[in-house]
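Letters A, B, ... are given to chains in the order of the sequence lines, protein chains preceding strands, and every chain is numbered from 1. All figures in this text were calculated on a predicted structure; none of them were measured in a lab.
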Amino acid sequence: MTYDFKSIEPKWQKIWDEKKAFSAVDGSEKKKFYGLIEFPYPSGAGMHVGHIKAYSGLEVISRKRRMEGYNVLFPIGFDAFGLPTENYAIKTGIHPRKVTDMNIAKFTSQLRRVGFSFDWDRVVDTTDEDYYKWTQWIFLKMFENGLVFRDTALVNYCPSCKVVLSNEDSQGGKCDICHSDIIQKSKDVWYLRITKYADRLLSGLDEVDYLPNIKQQQINWIGKSTGAFVNFTLAGIDEKLRIYTTRPDTLFGVTFMVMAPEHPIIEKYKDRIKNIDAVEAYKAECAKKTEFERTQLVKDKTGVRLDGICAVNPVNGKEIPIYIADYVMMGYGTGAIMAVPAHDQRDYDFAKTFGIDIIEVIKGGDITKEAYTEDGEMVNSGFLNGMTNKKDSIAKMLEYLEEKGIGEAGVQYKMKDWAFNRQRYWGEPIPIVHCPHCGMVPVPYDELPLRLPDMQNFEPGQNGESPLAKVETFVNCKCPKCGGDAKRETDTMPQWAGSSWYFLRYIDPHNENALADPEKLKYWMPVDWYNGGMEHVTRHMIYSRFWHKFLYDIGVVPCDEPYAKRTAQGLILGPDGEKMSKSKGNVVDPNDVVDEYGADVLRTYVLFMGDYTSAAPWSESSVRGCKRFIERVWGMLFMTKGKGSTEKLESAFHKTVKKVSSDIEQMKFNTAIAAMMSLTNDIYENGSLTTDELGIFVRLLCPFAPHICEELWERLGGKGLCSLAPWPVYDESKTKDDTVTIAVQICGKLRDTVQAPADSDQATVEALAKASEKIAKAIDGKQIVKEIYVKNKIFNIVVK
RNA sequence: GCAGGUAUGGCGGAAUUGGCAGACGCGCCGGUCUUAGGAACCGGUGGGCAACCAUGCAGGUUCGACCCCUGUUACCUGCACCA
């Protein structure tokens, strides 16, 4: 009688596979549903239960959609290029191709044991040549359209990984992969001009249904600010010093200027700068600092005055000193600022350190103590004096600047262009040839894919050049344009490249002539529901939205935004409440759970353990609770009767169908499961149920625990697969009880409850309430001021 | 510092969005079966003998507040010398 999951689960997995039960159908007349989960990076450690939770959400929704009659695309793939695999290859001497294949095989077997309803004919592997051919194709299209450029720049460089990192990958001055300190290094860098799409990435958020915190993070990341560019002049030199400010109305309060140490004007006028030695020394000092040090020493302002040149304030003609200081970044705005110490705390700290004048232009604070950054009346500001509204004073100043031709309104973004090359082997080769005559020449489209050469030693070079630079047969080539001797680019793309468009390939994974067929794209796109981790909300999602918008612009995809809806699951913490990690030894392997309790129990537990979107610790004993539930469901098979059930149980069924249906849509899986547990308790209390009722129950539970449900469905004589059987419907009228319990309150405090027919009017309930001994006692001798009746809920008597 | 969020039994968490706080599960207590059980099953379980007291803390609005408002504390997540 005990449920034998060890034989029943593999049985159904095999049947689903043979029948291709979960294949998405191209060219179907049915309504489509495209559910997308973030494809995993196949690491050597295999999956942990966090992956299972991440996929189980849309697994349940996709399964429900199929039962509701949708044509469902629910695919899986592997984001397999990347450093960990390459580092493992360096350490062990096993080729990354082999490592990747082994890891993918391991992940696949783990996923299959859990019984996910993926369409296994559409598996995508970003390291497959037939896949990265199209990643390179998109890159060339971007190159063609002016979205790719190369520049020598100070970049985030990880000395440990020996690789250039994008801004996104080096947050907080730490390498995202190995967590070493990042240093700034001058290098040739490939950039993708994502900033060109900044405004559209921002405005596109209005059209999509993302969780509010996801939207907010993207908004912050793009970091749009509105302000003005102002051209200062250098005294006695015909040269402009351009700055960006959000408060042009404080121009009268400018007492000095600050430039980033790397600002090109220093080099241009080094002959005029009398203390050039000190300036160079300071520059050298800054270059040595890691990003971490540069941002940590917030309070201690350092800098050097440029002796010999000074700036002229365009609104009042005053000459003001210029400093270089590392609190101004070359990468934001123009790399130079006008300093208004009275109303900016950083400028204030700097002015105090260097003994510079502080002029108040906004009244309201005490500038002898700190900068005043709030609103107030404008003073010492010429034509702005007396204005009290920030908006108006900014507008008036902008008008003045534009009239005089010394500045204009402008916007800035925190988002920077995307540093796109890595000096590594295990990535997509950048399909560009460097020709001494023709410059950068794209590899012709018909030569794609540009394959990674087979090689053995993946150690990067000491100066951070790619391992590919050592392969002469790869490097030396003919220029596709002039036919002369040329050299290939040896850097590869970052890991984010392959994941920027994978959801398009799922739609037509074996297409040899296009990244996907336009008709199929038109049918399946956009992704209806995308679920993943919060950690990918800024990087992966912004990158892929950018690529998708570009593909839309060149007519490859049919919609501007790739994801109609985005949600995020919470982490599973270790039993100790800490984040699961190998070093802490608190990782739970899904295989162990399947071995001991079965896939259905694992699936049920990861969704029952708490609110889907928040983090919750793993609890072995709670897993056992789900095991008991599954066993009790199995036990129902021996409780079936042909005849009708009690009205009470029938009503409980209708209520549960309603609740589970709506809870799933809101990802409230924990309460959906709780409702089915409650119904189970009701069934056991009742002692029996009809076979029809059991049929309803197993279809409701099927998205969560499909194996046991298939088995019960078969034994009940259900038609076809339970997984494809129609989703149960409920009768609204039967979800309502005939009698309801009404709480009777005195002055808002519960005093008694009464049973009343549903939808009773106030008089009926009032009579019932007053018939209660407790109520009669409570109101005895008191004056009734007011009576409030909420139908089917409460009756409140207010007494004095 | 900026932005967003959270706070409910011993634990994970519910609460139809202003209407009986603690659903469901774990744990715990008691029982049944057993040579035994860290197995299974059944029953009980916020605190207090009680009146009553309980949703981080202090107020407010309301007939009625976990829910709305004001203030406050703690924690989490993201960004951060962004001009």
Could you check which of [options] has an atom nearest any side-chain atom of [X]?
X	options	result
A/Phe608	B/rG19, B/rA83, B/rG12	B/rG12
A/Met677	B/rG25, B/rC20, B/rA14	B/rG25
A/Thr246	B/rG19, B/rA83, B/rG12	B/rA83
A/Asp326	B/rC24, B/rC20, B/rC81	B/rC81
A/Ile337	B/rA83, B/rG13, B/rG25	B/rA83
A/Ile794	B/rC20, B/rG13, B/rA23	B/rC20
A/Thr671	B/rC24, B/rA15, B/rG19	B/rA15
A/Tyr332	B/rC26, B/rA83, B/rG19	B/rA83
A/Pro617	B/rA23, B/rA15, B/rG12	B/rG12
A/Thr245	B/rA83, B/rG19, B/rU77	B/rA83

>> Quick test of your reading: applying side-chain hydrogen bond (donor to acceptor under 3.5 Å, both in side chains), list the pairs with at least one residue in residues 738-751 of chain A, sequence neighbours left out, ordered by first then second residue.
In response: A/Thr741-A/Gln755
> Hey, which of these two, A/Ser622 or A/Gly748, hits RNA chain B nearer its 5' end, going by closest nucleotide?
Replying inline: A/Ser622
> Toward the 5' end of RNA chain B, which comes first, A/Gly331 or A/Thr741, by nearest nucleotide?
Replying inline: A/Thr741
Tell me whether the side-chain N/O atoms of [X] come closer than 4.0 Å to OP1 or OP2 in [N].
X	N	result
A/Asn220	B/rA80	no
A/Lys749	B/rC53	yes
A/Arg628	B/rA40	yes
A/Lys668	B/rA15	yes
A/Arg632	B/rC42	yes
A/Asn213	B/rA3	no
A/Tyr244	B/rA83	no

[X] side chain to [Y] main-chain N or O, any donor-acceptor pair under 3.5 Å?
X	Y	result
A/Thr334	A/Arg242	yes
A/Asn313	A/Leu251	yes
A/Tyr612	A/Lys53	yes

Between [M] and [N] - [atom1] atom distance, rounded Å:
N	M	atom1	answer
B/rG71	B/rA23	P	35 Å
B/rG13	B/rG22	C1'	10 Å
B/rC67	B/rA15	C1'	10 Å
B/rA54	B/rG64	P	16 Å
B/rU62	B/rA14	C1'	25 Å
B/rG44	B/rU35	P	28 Å
B/rC42	B/rC33	P	16 Å
B/rA80	B/rU73	P	26 Å

> Side chains of A/Asp357 and A/Thr255: is there a donor and an acceptor less than 3.5 Å apart?
Replying inline: no
>> Anti or syn, where syn is a glycosidic angle within 90° of 0; which label fits B/rU45?
In response: anti
>> As a test of the definition: with a 90° window around 0 for syn, would you call B/rG9 syn or anti?
In response: syn
> So, does the side chain of A/Lys301 form a donor-acceptor pair with the base of B/rC81 at under 3.5 Å?
Replying inline: yes
> Does the B/rG78 base have a donor-acceptor partner in the side chain of A/Gln216 within less than 3.5 Å?
Replying inline: no
>> Between A/Lys770 and A/Glu787 (salt bridge meaning N to carboxylate O under 4.0 Å), is one present in this structure?
In response: yes
> Less than 4.0 Å between a side-chain N and a carboxylate O, is that true for A/Asp4 and A/Lys6?
Replying inline: no
> Are A/Ile324 and A/Lys283 side-chain neighbours, meaning at least one heavy-atom pair lies under 4.5 Å?
Replying inline: yes
> Tell me, do A/Met534 and A/Asn213 make a side-chain contact under 4.5 Å, heavy atoms counted?
Replying inline: yes
Once you round it to whole Å, what is the distance between [atom2] of [N] and [atom1] of [X]?
X	N	atom1	atom2	value
A/Ile214	B/rG5	CD1	P	13 Å
A/Tyr597	B/rA39	OH	C1'	11 Å
A/Ile797	B/rG19	CD1	C1'	15 Å
A/Ile775	B/rC63	CD1	P	19 Å

> Partners of A/Tyr605 by ring-ring contact (aromatic ring centres under 6.0 Å, His included), sequence neighbours excluded?
Replying inline: A/Trp618
Just checking [X]: base, sugar-phosphate only, or nothing, at a heavy-atom cut-off of under 4.0 Å?
X	result
A/Asp347	nothing
A/Ala336	nothing
A/Asp611	sugar-phosphate

>> Can you give me the dot-bracket string for RNA chain B, 5' to 3', counting Watson-Crick and G-U wobble pairs with both distances under 3.5 Å, using [ ] for crossing pairs and | for partners on another strand?
In response: (((((((..(((......[....)))((((((.......))))))((....))..(((((..]....))))))))))))....
> Which of parallel (below 30°), tilted (30 to 60°) and perpendicular (above 60°) describes A/Tyr327 and A/Phe350?
Replying inline: tilted
